[in-house]
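Remarks on the structure that follows.
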Amino acid sequence: MPSPPGGFEVPLWRALTVFRLASLAYVCVLAVRDADRYAHPYAVGALIILMIAWTGATAVGYARPAWRRWPLLLADLGVVMAIVLATPWVVGRTALAHGVPTLGVAWMAGPVLAWAVSGGRRRGTVAALLVAGADLATRERIGQSSFTGVILMLLAGVVVGHVARLGVSAEERLQRAVELEAATRERERLARDIHDSVLQVLALVQRRGADLPGEAGELARLAGEQEVALRALIAGAGPAAASLPDGGEAVDLRTLLGRYTSAAVALSAPATPVPLPRRVAAELAAATGAALDNVGRHAGGRAWVLIEDEGATVTVSIRDEGPGIPDGRLDEAAAQGRLGVTQSIRGRVVDVGGTVRIVSAPEAGTEIELSVPR
């Protein structure tokens, strides 16, 4: 995946340029020190000039996001490997056998770091293996020090690649947070304006006309429904699709429960999405619908639905102001084969690993808590 312009990767590309310049300076110091030991010192000088030119070219190329792609990455790897493979001829195997360092030294790690920053751990590992293989091919005898260099290069590719991917992930999350904050502020601004005008008018019409007969009462009922719908809209239920921390498919529970809102059913939910696995959210929503059906048949009046996101668990509470459930009534209904609460509510929630708690008292209404683990 090509690197996006700007963002957290910019300091890494700049650090890569600094590293290549510093390692090039180290190569030049070693070349001056060992000039009399080289088999072909003029060829060494020509390669160092090439290394200087290529370091400048990559500094300019990697500074432009549009150029951080395969053509430059492959050319960078090819040039460095060619210089490394030329080491036995220009330096001389006799000099190498007597401890003269290879021509690339630390400078040959440049493409490894570039590949790691551009593509993460895997790409950095591939580049490290290729460059390390070329370096080992120049040696007549491979000792512990040779493998130490290979391991260090692999570690550099893996660690830098991991840091680069963390930076990209952090940037994406920050962008989503900024967008959510902007949307929330706009929603709050609209909510204030609408609350001061439209919602108050609709609520007034619903209250004044609730007891009127005929078309006036119907108009009041419609005004109440539109008030509820408008409140849900400005509350910003958000899209149904969401994502879980592990990347799995999820559904925003607020959206599924939002369809139950009406003049008689009020929904309170967090301002941010409440993602759950699709099956868990569907079963929880169905159980909530069954509970609201029971409210409509047995309790009448208004009902309140509350969504609580507690991190490890999500709880949906359904409360009504009905006459309550007498002691033993649920067991009696189950014995008679009426399994609304047992199957439609409790069974659905238990099947997805959740729990159901019912609190009721005569003439004090009923509250049903449906809790499921995230």
Side-chain angles (χ1 to χ4, degrees), residues 169-170 172-196 198-199 203 225-292 295 302-321 345 348-349 352-359 365-374:
S169 178
E172 292 174 351
R173 293 181 181 180
L174 178 61
Q175 181 64 26
R176 287 197 296 268
V178 170
E179 293 174 354
L180 178 60
E181 182 182 7
T184 301
R185 289 181 178 177
E186 179 64 14
R187 187 185 305 123
E188 291 175 350
R189 185 188 67 81
L190 292 175
R192 289 193 298 269
D193 295 341
I194 294 175
H195 181 271
D196 293 339
V198 181
L199 288 179
E225 292 180 354
Q226 292 304 310
E227 178 196 3
V228 172
L230 187 56
R231 286 187 185 277
L233 178 63
I234 64 177
S243 60
L244 294 173
D246 60 0
E249 184 181 9
V251 171
D252 188 354
L253 182 63
R254 303 177 308 166
T255 302
L256 296 183
L257 298 189
R259 63 190 181 189
Y260 296 123
T261 58
S262 66
V265 179
L267 174 65
S268 298
T272 56
V274 184
L276 283 175
R278 183 173 296 276
R279 177 173 176 269
V280 176
E283 294 292 346
L284 189 55
T288 302
L292 291 174
V295 172
R302 291 181 58 83
W304 292 266
V305 179
L306 172 64
I307 303 176
E308 297 177 276
D309 189 347
E310 299 167 333
T313 60
V314 174
T315 300
V316 176
S317 303
I318 304 97
R319 183 170 59 87
D320 64 58
E321 52 185 10
I345 300 177
R348 291 180 183 275
V349 176
V352 293
T355 58
V356 177
R357 188 172 75 94
I358 301 176
V359 179
T366 301
E367 182 174 2
I368 302 177
E369 287 189 359
L370 315 175
S371 297
V372 295
R374 177 171 278 128

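Along the sequence shown, residues are numbered consecutively beginning with 1. All values below were derived from every heavy atom in this structure, side-chain atoms included, with hydrogens, water molecules and symmetry-related copies excluded.
- Applying the salt bridge (charged side-chain N to carboxylate O under 4.0 Å, His left out) test to R259 and every residue at least two apart in sequence or in another chain returns nothing.
- The two atoms that bring A285 and L257 nearest to each other are CA-CD2, 3.7 Å, heavy atoms only.
- Scanning all heavy atoms of the two residues, the minimum distance from S371 to T315 falls at OG-OG1, 2.9 Å.
- In this structure, the separation between OG on S268 and CD on E308 is 10.0 Å, given to the nearest 0.5 Å.
- A303 approaches V295 most closely through the heavy-atom pair CB-CG1, 3.9 Å.
- Ionic pairing of R348 and E283 is present here: one or more N-O contacts between side-chain nitrogen and carboxylate oxygen are shorter than 4.0 angstrom.
- Checked by atom type and distance alone, the side chain of R374 never pairs as donor or acceptor with a backbone atom of V314 at under 3.5 Å.
- Although no hydrogens or angles enter the test, the distance criterion places a donor-acceptor pair under 3.5 Å between the side chain of D252 and the main chain of V274.
- Checked against salt bridge (charged side-chain N to carboxylate O under 4.0 Å, His left out), E310 has no partners two or more places apart in sequence or in another chain.
- Once rounded to the nearest 0.5 Å, the distance linking CD1 of I368 with CZ of R357 reads 11.5 Å.
- Rounding to the nearest 0.5 Å places CD of E172 at 6.5 Å from CZ of R176.
- Atom CZ of residue R319 and atom CD of residue E369 lie 11.5 Å apart, to the nearest 0.5 angstrom.
- A side-chain donor-acceptor contact under 3.5 Å links R254 to the backbone of P270.
- The CG atom of L292 sits 10.5 Å away from atom OG1 of T261, with the distance rounded to the nearest 0.5 Å.
- Of the residues listed (V280, V372, V316), the one engaging L253 in a side chain to side chain contact (heavy atoms under 4.5 Å, CB included) is V316, and it is the only one.
- Looking at Y260, its side chain never comes within 3.5 Å of a backbone N or O of L267 through a donor-acceptor pair.
- To the nearest 0.5 Å, the span separating CD1 on I358 from CG on L370 amounts to 8.5 Å.
- Looking at every heavy atom in both residues, I307 comes nearest to A269 through CD1-CB, 3.9 Å.
- Closest non-hydrogen pair, P275 versus P273, comes out as CD-O, 3.3 Å.
- Counting all heavy atoms, side chain and backbone alike, V352 lies closest to P373 at O-CD, 4.1 Å.
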